[in-house]
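Accompanying notes for the structure given below.
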Amino acid sequence: MKRMLVAPSMLAADFANLAKDIELVNANADIFHLDIMDGVFVPNISYGTPLIEAICKRASIPVEAHLMIVEPQKFFDIYKSLGVGSISVHYEACNHLDRTINRIKELGMKAGVAINPHTNVHLLEDIVRISDYILIMSVNPGYGGQKYIPYCTGKIAELKKIIQKNNPDCLIEVDGGVTTGNIEEIAESGADVVVAGSAVFSAKDPAEAIKKLQGLA
Ligand code: DX5
Ligand code: ZN
């Protein structure tokens, strides 16, 4: 398997022992993945600025925020000031996505477009030209620990073709239900980055689970 970048979702971390889980990610993974939910765009609320600040303060690898919220642009400046390096916003939550992506880039962060499972990748043919990454949701967003939706593998492969044609530098990130059991299929279909919550933090040996997802074990 090729080397994958692994972004543990801190939603699955032990919030009562956060320092320990932050150190685990610092020492073994590639990116911190922070899931921000507002109870409006998705039917759940996760965590906000104080926790993002705490993680950013201790992170020694890049931090990305996945914004499952309406009006995401309200938070770009504050997240930038906290040290967030990449922000993804949902296609389904933005009426002026070109402006939104450009604003993230103007602030000096990497900009990603996230799509729900039902959103067709061909809708991204134009926006991939200015995006640093596309995040394909492979579960319905709102909760960790769900099962991977099998038809998403075909979406990754289709998006890969679009990216090769329109912006080969744009990365593909896959988020939801990623495990050591389906990582090969996800990697082979063209993904570059995987998010993993339960597959990392519920594993007996989280460091070993990260290595397997990276294709190093
Ligand atoms: C779901 C989040 C995911 C999720 C991943 O709304 O965007 O990042 O926490 O968790 P697992 O890997 O457990 O599916
Ligand atoms: Zn996520």
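Order of appearance sets the numbers: ligands from 1, and atoms from 1 within every ligand.
- Checked by atom type and distance alone, the side chain of E185 never pairs as donor or acceptor with a backbone atom of T153 at under 3.5 Å.
- Sorted by chain and number, the protein atoms of type N, O or S within less than 2.8 Å of the Zn ion (ligand 2) are H33 NE2, D35 OD1, H66 ND1, D175 OD2.
- One N or O on the side chain of S138 and one on the backbone of D175 form a donor-acceptor pair closer than 3.5 Å.
- A donor-acceptor pair under 3.5 Å is formed between the side chain of K155 and the backbone N or O of P117.
- Partner P206 forms a side-chain contact (heavy atoms from CB on, under 4.5 Å) with one of V25, D21, N28, V200 and no other, that one being V200.
- Of the possible polar contacts, one joining the N102 side chain to the D98 backbone as a donor-acceptor pair under 3.5 Å is found.
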Close N/O pairs between ligand 1 and protein, under 3.5 Å:
unit_1   : atom_1 : unit_2 : atom_2 : d
ligand 1 : 6 (O)  : G142   : N      : 2.8
ligand 1 : 7 (O)  : D35    : OD1    : 2.9
ligand 1 : 7 (O)  : H66    : ND1    : 3.3
ligand 1 : 7 (O)  : D175   : OD2    : 3.0
ligand 1 : 8 (O)  : H33    : NE2    : 3.4
ligand 1 : 8 (O)  : D35    : OD1    : 3.1
ligand 1 : 8 (O)  : D35    : OD2    : 2.8
ligand 1 : 8 (O)  : D175   : OD1    : 2.7
ligand 1 : 8 (O)  : D175   : OD2    : 3.1
ligand 1 : 9 (O)  : S9     : OG     : 3.1
ligand 1 : 9 (O)  : D35    : OD2    : 3.2
ligand 1 : 12 (O) : G197   : N      : 2.7
ligand 1 : 13 (O) : G145   : N      : 2.8
ligand 1 : 13 (O) : S198   : N      : 3.0
ligand 1 : 13 (O) : S198   : OG     : 2.5
ligand 1 : 14 (O) : G177   : N      : 2.9

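- Within the 4.5 Å cutoff, no side-chain heavy atoms of E125 are placed close to those of K165.
- A salt bridge is defined here as a Lys NZ or Arg NE, NH1 or NH2 lying under 4.0 Å from an Asp or Glu carboxylate O, and E106 with R103 meets this definition.
- Between Q214 and D30, the side chains place a donor N or O and an acceptor N or O closer than 3.5 Å (distance only, hydrogens not considered).
- Salt-bridge annotation for K74 and D38: absent, with no side-chain N of the basic residue lying under 4.0 Å from a carboxylate O of the acidic one.
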